[in-house]
Amino acid sequence: EFWQVIQSIRESALKAGVQIVTGDTKVVERGKGDKIYINTSGIGLIHPQSDIQMSRIKTGDLVLLSGMVASHGMAIMSKRSGLEFQTDILSDTCHLNYLVGQLLDRFGKKIHFLRDPTRGGVAGVLNEIAQDARVGIDIREKDIGISAQVEGACEMLGLDPLYVASEGTFIAIVEPDIASEILAVMQSHESSRNASLVGLITSDHPGQVVMESRIGGRRIVQMLPGEQLPRIC
């Protein structure tokens, strides 16, 4: 298993164009650990065209999602003891540095904010943005991509996919005049071919995320009060 992990790390690093430059190992007493723990830190350079911060988000900006949601969280859950799904659910984990670099090269400061929806999922991240930036966010359920297998697994376990971690997906908040061009660039990449425009920054209901359902109703998407399994990070 350790050799498989090492090989996977090597292959992923090659794909992402990054180097593993140092490492260390620790040994714990038998029964005190759970197989393999890996902790990583990354060092890089800030893109010269980037200006990514909450204070730049403004009314009229559009919210883009680079891919489907909840795949990673449900892939982890499917491997936990006592759970069996009829179909294999694959994590969406992948490197996004080339895509994000290309977007910043082309659109620069017109991209106001980027964030990965890991802990708390899409709902958690959007609520943090709405509260910290003091804006309202309107989203549409029909535009948020989720695979049939993941949706079925979430329904079976009573989980809301909006709160489940997505590792290979990011949220982008951009100026409205570039949204269609950014979507075209995203959809040209294998990792983000399911990218979609999912919402709008509004001056209405500041601090809240409001979702239009598939049947046209509207509801507030609240911050989850407790931990929703699976806990990924």
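All values derive from a computational prediction rather than experimental measurement.
With contacts defined as side-chain heavy-atom distances shorter than 4.5 Å, the pair Asp51/Phe113 does not qualify. Contact annotation: the side chain of Val63 never approaches that of Val174 to less than 4.5 Å [non-hydrogen atoms, C-beta and beyond]. Between Phe107 and Ile182 the shortest side-chain heavy-atom distance falls below 4.5 Å. Side-chain contact between Asp132 and Ile129 is absent, with no heavy-atom pair separated by less than 4.5 Å. Between Val164 and Val69 the shortest side-chain heavy-atom distance does not fall below 4.5 Å. Proximity of Leu62 to Ile173: side-chain heavy atoms (C-beta onward) are nowhere separated by under 4.5 Å. Side-chain contact between Asp177 and Lys110 is present, with heavy atoms from C-beta onward closer than 4.5 Å. Counting heavy atoms from C-beta outward, Leu157 and Met77 have side chains that approach closer than 4.5 Å.
Nearest heavy-atom pair, Pro161 versus Ala70, reported as atom, atom and distance to 0.1 Å: O-CB, 3.7 Å. Pairing each heavy atom of Ala130 with each of Val209, the nearest pair is CB-CG2, 4.2 Å. The two residues Ser166 and Thr118 come nearest to each other via the heavy atoms O-CG2, 3.7 Å. Closest heavy-atom contact between Pro117 and Val125: CA-CG2, 3.7 Å. Annotation for Asp143 and Val198: closest pair O-CG1, 3.4 Å, computed over non-hydrogen atoms. Looking at every heavy atom in both residues, Ser66 comes nearest to Gly168 through OG-O, 4.2 Å.
For the residue pair His72 and Thr93, a side-chain donor N or O sits within less than 3.5 Å of a side-chain acceptor on the partner. Between Asp92 and Thr169, the side chains place a donor N or O and an acceptor N or O closer than 3.5 Å (distance only, hydrogens not considered).
Under the 4.5 angstrom side-chain criterion for Ile, Leu, Val, Met, Phe, Trp and Tyr, the cluster partners of Phe2 are Val5, Ile6, Ile9, Ile20, Ile36, Ile38.
Here the CD1-CE distance, from Ile146 to Met68, works out to 9.0 Å after rounding to the nearest 0.5 Å.
Residue Gln102 qualifies as enclosed at atom CD: its count of foreign heavy atoms under 6.0 Å is above 12. The environment of CD in Gln187 is crowded: more than 12 heavy-atom neighbours from other residues, nucleotides or ligands sit within 6.0 Å. Leu14 CG: more than 12 foreign heavy atoms inside a 6.0 Å radius. No more than 12 heavy atoms of other residues, nucleotides or ligands sit less than 6.0 Å from atom CD of Gln19.
A salt bridge links Lys26 with Asp24: the distance from a Lys NZ or Arg NE/NH1/NH2 to an Asp or Glu carboxylate oxygen falls below 4.0 Å. Between Glu141 and Arg214 a salt bridge is recorded (basic side-chain N to carboxylate O distance below 4.0 Å). Using a 4.0 Å cut-off between charged nitrogen and carboxylate oxygen, Glu181 and Arg106 count as a salt-bridge pair. Between Lys15 and Glu190 there is no salt bridge, since no side-chain nitrogen of the basic residue lies less than 4.0 Å from a carboxylate oxygen of the acidic one. Salt bridge annotation for Arg219-Asp138: absent, with no cationic side-chain nitrogen under 4.0 angstrom from a carboxylate oxygen. Between Asp61 and Arg56 there is no salt bridge, since no side-chain nitrogen of the basic residue lies less than 4.0 Å from a carboxylate oxygen of the acidic one. Using a cutoff of 4.0 Å between basic side-chain nitrogens and carboxylate oxygens, Lys109 and Glu175 are not scored as salt-bridged.
When each of Ile137, Ile220, Leu162 is tested with Met211 by the rule side chain to side chain contact (heavy atoms under 4.5 Å, CB included), just one qualifies, namely Leu162.
His47 meets the ring pair (Phe, Tyr, Trp, His ring centres under 6.0 Å) test with no other residue; sequence neighbours excluded. The salt bridge (charged side-chain N to carboxylate O under 4.0 Å, His left out) check on Glu11 picks up nothing, with sequence neighbours excluded.
The closest donor-acceptor contact from the side chain of Ser50 to the backbone of Ile52 lies at 3.5 Å or more, if one exists at all. A distance-only check finds a donor-acceptor pair linking the side chain of Asn127 to the backbone of Val221 [under 3.5 Å]. Remark: side-chain polar atoms of Ser8 are not paired, donor with acceptor, to backbone N or O of Gln4 under 3.5 angstrom.
When hydrophobic clusters are built by joining Ile, Leu, Val, Met, Phe, Trp and Tyr residues whose side-chain heavy atoms come closer than 4.5 Å, directly or via intermediates, Val100 is grouped together with Ile57.
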